[in-house]
Amino acid sequence: MDPRDDDIEFDFFDDEPPTTEAQSPSRVRLPRRVGGGSGMRGSGAPPHNLTPVLRLLALLAIIVAALVFFGLLIQSCASTSKHDTYKSYMDDVSVIAHSSEEDGTAVANALITPGVKSAGLSSTLRGIAEQERQNVTAAQHLDAPGPLREENQNMIEALQLRVSGVQGLADTFAANPTSKATGEAALLAAQADRLLASDVVWDDLFAEPSRVELKRQDVSGVAVPDSNFVTNRDLTTERSMALLLTRLKGATTGGTPTGIHGTNIVDVKVLPGGQTLSQTDENTITATTDLAFVVTIADSGDSQEVGIKVTLTIQKPQGAIVKTKTVDLINPGQNKSVTFTDLGQVPFAQKTTVNVDVAAVPGEHNTDNNKASYPVIFSLG
């Protein structure tokens, strides 16, 4: 064989291009370009491997929003529940407070009842004390919110003072029904002081601390009830008790009241101006929408008087305007006033009279100063 043939055969195989079957079955990846420039993908599309991260962040945002929403909802429900708890408690306290105030009014009415005897007064007071014990029991069974438990206990103590004071009055009247000794009056005043103290305990140790606590708890729209057992302090003084004993002694013996009894009219004033009416001169009165008359009377005797009726009459053609008020109690030398309001339509531009009549008290002999007439003309101003 010619050597050139070998060379030609060798060159033939070396120069032959590779066939498709000779290529590697694996696909070669070109490195991904980083940064700007024209690549295989658009520059605005996010990298493929960041998509799961974005989805996770979105999910976390939704979870956080849901947690915030439910947190606010739970907080709102808790706030509403706290408000309802305090309001329910104060509503229950209000019932007790009102009942106790009614008992205080009953005590005052018992002490000023005309013609009452010691035995009857003692019995009435015992009944009131028993009613007040029921208020104590009701207060003890209240489910006070935790921060107000101390205040609730103070309220119970105020009610217990009221029971003690009323029961003490009843026992004292029952023990010496006809006594008028100074010592007994002092003892009665001491029992009445418990009633005054109960109002102080209620105000200072229950009501005010409760208001402070409600504010601290950020609870609004819940009222703390007041409860005043003594509305007329004239009834609780030692002097008033001594005069009461004298009055009881006269009622017990069943005879004519001893001592000097009587009242008289001091003056009559017109509100809102304060004009004092004259019985001799004609009085021109400007009839405003808040027109009122204030009648002041005095106890001109040396005895305590109770339940005194005062009547004011304004004459007019269509029928007189008649109003009546009561002075619950007045002591010797004392002045008391009653105010007449809601007078209705008074007669205008014509002469008329305003009459005042103070009812006579038992044992009063001179009643000339119990009546007075005042010539008036009402104007529109």
Side-chain angles (χ1 to χ4, degrees), residues 100-132 158-201 228-263 297-308 326-336 361-364:
S100 189
E101 280 194 342
E102 287 184 337
D103 288 343
T105 300
V107 170
N109 290 337
L111 294 176
I112 64 175
T113 301
V116 66
K117 298 182 179 181
S118 294
L121 177 57
S122 176
S123 177
T124 299
L125 293 175
R126 289 182 191 276
I128 298 171
E130 185 58 37
Q131 292 176 8
E132 195 63 14
L159 297 172
Q160 289 172 333
L161 279 171
R162 294 172 180 181
V163 172
S164 177
V166 178
Q167 187 64 52
L169 290 174
D171 293 344
T172 304
F173 284 125
N176 298 292
T178 61
S179 173
K180 59 178 180 177
T182 303
E184 187 177 359
L187 181 58
L188 288 169
Q191 300 301 323
D193 284 345
R194 297 174 184 266
L195 306 180
L196 288 171
S198 76
D199 289 351
V200 176
V201 171
N228 299 306
F229 202 83
V230 178
T231 56
N232 185 357
R233 295 197 175 189
D234 288 342
L235 290 172
T236 62
T237 65
E238 182 175 346
R239 178 170 181 262
S240 183
M241 289 298 179
L243 293 169
L244 171 59
L245 289 170
T246 301
R247 180 162 54 86
L248 290 175
K249 185 174 184 290
T252 301
T253 57
T256 301
T258 59
I260 301 173
H261 295 264
T263 61
I297 68 170
D299 185 338
S300 52
D302 61 6
S303 304
Q304 183 183 78
E305 309 296 350
V306 296
I308 306 164
T326 301
V327 176
D328 292 332
L329 177 143
I330 188 169
N331 290 324
Q334 192 176 35
N335 289 357
K336 286 290 184 72
V361 299
E364 183 174 7

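Numbers for residues simply follow the sequence, beginning at 1. Keep in mind the model is a prediction, meaning the values are calculated, not measured.
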Exercise for the section: First locate atom CG of L235, then atom CG of N109, and finally report the distance between them rounded to the nearest 0.5 Å. Expected result: 9.5 Å
Exercise for the section: Any chance you could measure T113, atom OG1, to L248, atom CG, to the nearest 0.5 Å? Expected result: 10.0 Å
Handout entry: Beyond-backbone contact of R247 with V306, side-chain heavy atoms, under 4.5 angstrom
Key = yes
Handout entry: Distance (rounded to the nearest 0.5 Å) between D299 CG and I260 CD1
Key = 10.5 Å
Problem - CA sep, side-chain torsions, deciding dist, call: L159, S100, side chain to side chain contact (heavy atoms under 4.5 Å, CB included) - result: CA-CA 8 Å; L159 297 172; S100 189; 3.6 Å; yes
Practice task
Just jot down the side chain to side chain contact (heavy atoms under 4.5 Å, CB included) partners of T326, sequence neighbours excluded, or say none.
Solution key: K309, D328
Exercise for the section: Kindly give the heavy-atom pair with the smallest separation between L195 and F229, and that separation in Å. Expected result: CD2-CE2, 3.8 Å
Handout entry: Distance in Å, Q131 CD paired with E102 CD, rounded so as to fall on 0.5 Å steps
Key = 9.0 Å
Problem - For S240, side chain to side chain contact (heavy atoms under 4.5 Å, CB included) partners two or more places apart - result: T237, Q304, L329, N331
Problem - Heavy-atom pair with the smallest gap, counting every atom of V361 and G262 - result: CG2-N, 3.8 Å
Practice task
Write down the atom of A192, the atom of M241, and the distance for their closest heavy-atom approach.
Solution key: CB-CE, 4.1 Å
Practice task
With the side chain counted from C-beta on, respond yes when L245 and E184 share a heavy-atom pair under 4.5 Å apart, and no when they do not.
Solution key: yes
Completion exercise
Across all chains, not counting sequence neighbours, the side chain to side chain contact (heavy atoms under 4.5 Å, CB included) partners of S122 are R126, A170, F173, A174
Exercise for the section: Please name the pair of heavy atoms, one in I308 and one in I330, separated by the smallest distance, quoted to 0.1 Å. Expected result: CD1-CG2, 3.4 Å
Practice task
Begin with the C-alpha distance, continue with both residues' side-chain angles, and end with the deciding distance and a verdict on side chain to side chain donor-acceptor pair (under 3.5 Å) for D234 and Q334.
Solution key: CA-CA 10 Å; D234 288 342; Q334 192 176 35; 3.1 Å; yes
Problem - Nearest-0.5 Å distance, CG of residue D103 to CD1 of residue I128 - result: 6.5 Å
Practice task
Would you confirm whether S164, through its side chain, and Q160, through its main-chain N or O, come within 3.5 Å as a donor-acceptor pair?
Solution key: no
Handout entry: Close side-chain approach of L244 and L111, heavy atoms under 4.5 Å
Key = yes
Practice task
State, yes or no, whether a side-chain contact exists between V107 and R162 at a heavy-atom distance under 4.5 Å.
Solution key: no
Practice task
For the pair T236 (side chain) and R233 (backbone), establish whether a donor and an acceptor sit closer than 3.5 Å, ignoring hydrogens and angles.
Solution key: yes
Exercise for the section: For residues P332 and S303, report the shortest heavy-atom separation together with the two atoms involved. Expected result: CG-N, 3.4 Å
Completion exercise
For V327 and K336 the tightest heavy-atom approach is CG1-CB, 3.8 Å
